[in-house]
J.: 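Handing you a structure now.
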There are 2 protein chains.
Amino acid sequence: MSLRHALLGLLVEHPASGYDLLKLFEGSLANVWPASQSQIYTELTKLAADELITVSDTGPRGRKEYALTDAGRDELRRWLVDGPPERPARNPALLRVFFLGVLDQRQRAVVLDEMLDNATRDRAALEQIRDAVDWDDSDLSRYGRMALEWGLRFTAMRRDWAEWAAAQLD
Amino acid sequence: MSLRHALLGLLVEHPASGYDLLKLFEGSLANVWPASQSQIYTELTKLAADELITVSDTGPRGRKEYALTDAGRDELRRWLVDGPPERPARNPALLRVFFLGVLDQRQRAVVLDEMLDNATRDRAALEQIRDAVDWDDSDLSRYGRMALEWGLRFTAMRRDWAEWAAAQLD
DNA sequence: CTTAACATGTAATCTGTTACATGATTTC
DNA sequence: GAAATCATGTAACAGATTACATGTTAAG
């Protein structure tokens, strides 16, 4: 149930509408916590019902701007400090590696090559974000950059592994 | 819907019961694709209904042994070759990093330190698997070791990042 | 005037988690 | 004979995905 917390976290700096938040999820946050439009609107309604956020303003076209309440900020802090112990994430790509034996040698190489391409493409996308974003000295900027560095290292690791694995095939 | 394919993949080498498969999921596969008992039994029933597997034998205590059908093997191959494009996975740990700004400096350090611990612990668990498993030259052994190497590199990367990030805090 | 962007919401379906529920066999 | 392990199954609920459904305003 971390979508709640992602939304609370984004509302820390300033109020925003569901639409604004959707755009943030389509942007840099897509790499960390993808969420769909329907999910966001549904969760915002629940958060408001739980009084962790409130409608702080309404604009044209039925726009509703939400702001964090004190209870919401507390809940965010609580989650940050004693969030759930991470359990290992599902990894569809690695699952494929496990069963590579049922393919022939040529197809195996194709699968690993795709993984290399994915890693390379993902890395390029992150580098593009790194270069395009106007980083300031706000908290989100500071820690967003830290998260980005994680991504850069992760994609590099995937690339290096895919190269190593392809070499292992021979 | 990769649980299906994980089950199909495990049945490639030899038939197995739901209980056998459950044990495999609790073992090495837990790091790649965690699945619960109820999920496995439910999915096996569906796979049998779809004729991708069949009940090949029955034993004491209602034991049912499943074997892969030709259609099942085909489906596995299909998935391996043109499996779904990986979309970025959710990353609860990184989500926390994003919002580190709402905590005070001491708590931030605690969060990063926990991430370092997690990475170190996960790495130790994988090293233990590497040393304990009796690796042979079967396909599952060969490609399982490849997947394990991925995990070792991943945990090393997480450890290094956590150390770097903690240093950045100052 | 038409298109793109703004803006929100609901419903159906699927996947996964947790808990409940039951019973047989082996081992100590 | 008690406990551990083997062995399967269902139900309730939570979370996520996809599709449907609707309407406004700004810009060209």
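Chain letters run A, B, ... following the sequence lines, proteins first, then strands; residues in each count from 1.
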J.: Can you say whether a donor on the side chain of Q39(A) sits under 3.5 Å from an acceptor on the base of dG15(D), or the other way round?
T.: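 Under the 3.5 Å cut-off, the side chain and the base do not form any donor-acceptor pair.
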J.: Return whichever of P34(A) or S17(B) has its heavy-atom-nearest nucleotide of DNA chain D closer to the 5' end.
T.: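 Comparing both residues, the 5'-ward one is S17(B).
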J.: If I take atom NZ in residue K64(A) and atom P in nucleotide dA7(C), what distance separates them, rounded to the nearest angstrom?
T.: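 Going from NZ in K64(A) over to P in dA7(C) covers 13 Å.
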J.: Is Y41(A) near enough to dT8(C) that one of its side-chain N or O atoms lies under 4.0 angstrom from OP1 or OP2?
T.: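 For Y41(A), the contact criterion (side-chain N or O under 4.0 Å from OP1 or OP2 of dT8(C)) is met.
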J.: Quickly work out the K46(A) NZ to dC13(D) P distance and round it to whole Å.
T.: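 In whole Å, dC13(D) P and K46(A) NZ are 14 Å from each other.
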J.: Can you check whether any acceptor in the base of dT18(C) is under 3.5 Å from a donor in the side chain of S38(B), or vice versa?
T.: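 Pair found.
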J.: Can you confirm if the NZ or CZ of R153(B) lies within 45° of the ring axis of W164(A) and under 6.0 Å from the centre of its six-membered ring?
T.: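 Flagged: R153(B) positioned over aromatic ring of W164(A).
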J.: Using modelled atom types only, decide if a donor and an acceptor are shared between the side chain of D113(A) and the backbone of V110(A) within a distance under 3.5 Å.
T.: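 Answer holds: no.
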J.: Between dA16(D), dA7(D), dG9(C), which nucleotide gets closest to the side-chain atoms of D20(B)?
T.: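 Of the candidates, dA7(D) comes closest.
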J.: To the nearest angstrom, how far is L47(A) atom CG from dG9(C) atom P?
T.: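 Distance check: L47(A) CG to dG9(C) P gives 13 Å.
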J.: Roughly, in whole Å, what's the span from CG in L21(A) to C1' in dG9(C)?
T.: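 Nearest whole value for this atom pair: 16 Å.
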J.: What is the distance, to the nearest angstrom, from the CD1 atom on I40(A) to the P atom on dT17(D)?
T.: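 About 11 Å, once rounded to whole Å.
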J.: Without decimals, in angstroms, what is the distance between L44(B) CG and dA7(D) P?
T.: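 Result: 14 Å.
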J.: Run the salt bridge (charged side-chain N to carboxylate O under 4.0 Å, His left out) check on R63(A) and D57(A) step by step: do they pass?
T.: CA-CA 8 Å; R63(A) 183 175 202 271; D57(A) 194 16; 6.0 Å; no
J.: From the list dT5(D), dA7(C), dA16(D), which nucleotide is the closest neighbour of the side chain of Y19(B)?
T.: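 The closest nucleotide is dT5(D).
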J.: Just verifying a value: how many Å separate L140(A) CG and H14(A) NE2, rounded to the nearest 0.5 Å?
T.: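 Reported to 0.5 Å precision, the distance equals 7.5 Å.
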J.: Would a 4.5 Å heavy-atom cut-off, applied to side chains only, mark H5(B) and F99(A) as touching?
T.: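 Not touching, per the 4.5 Å side-chain cut-off.
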J.: Rounded to whole angstrom units, what separation is found between the CG atom of L3(B) and the P atom of dC14(C)?
T.: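 Taking atom P of dC14(C) as the reference, CG of L3(B) is at 16 Å.
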J.: A side-chain contact here means heavy atoms from C-beta on lying under 4.5 Å apart; do F154(A) and R123(A) qualify?
T.: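 No, too far: nothing below the 4.5 Å cut-off.
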J.: Regarding R90(B), tell me which of base, sugar-phosphate or nothing describes its non-hydrogen contacts under 4.0 Å with the strands shown.
T.: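 Counting heavy atoms under 4.0 Å across all strands, the contact made by R90(B) is with sugar-phosphate only.
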J.: Mapping Q37(A) and E43(A) onto DNA chain D by nearest heavy atom, which one lands closer to the 5' end?
T.: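 Of the two residues, E43(A) wins.
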J.: Heavy-atom count around D70(A) CG within 6.0 Å, excluding the residue itself: above 12?
T.: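 No - once you tally the heavy atoms of other residues, nucleotides and ligands closer than 6.0 Å, there are 12 at most.
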J.: So, does D131(A) use its side chain to make a donor-acceptor pair with the main chain of Q128(A) at under 3.5 Å?
T.: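 It does not hold such a pair.
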J.: Around E51(A), counting heavy atoms of other residues, nucleotides and ligands shown, do more than 12 lie under 6.0 Å from its CD?
T.: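 Not buried by this count: 12 neighbours or fewer within 6.0 Å.
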J.: In terms of side-chain heavy atoms of R63(A), which of dA7(C), dC6(D), dG9(D) is nearest?
T.: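 Comparing dA7(C), dC6(D), dG9(D) against the side chain of R63(A), the answer is dA7(C).
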J.: Take the C1' atoms of the five end pairs on each side of the helix from dC1(C)-dG28(D) to dC28(C)-dG1(D), derive the two axes, and give their angle rounded to 10 degrees.
T.: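 Inter-axis angle at the ends, rounded: 20°.
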J.: Could you encode protein contacts along nucleotides 22-28 of chain C as a string, one character per nucleotide from 5' to 3', using B for base contact, S for sugar-phosphate-only contact and - for no contact, with a heavy-atom cut-off of under 4.0 Å?
T.: --BB---
J.: Between R108(B) and D104(B), does any NZ, NE, NH1 or NH2 come within less than 4.0 Å of an OD or OE carboxylate oxygen?
T.: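 R108(B) and D104(B): not salt-bridged.
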J.: Separation of L22(A) atom CG from dA5(C) atom C1', in whole Å?
T.: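 Interatomic distance, CG of L22(A) to C1' of dA5(C): 12 Å.
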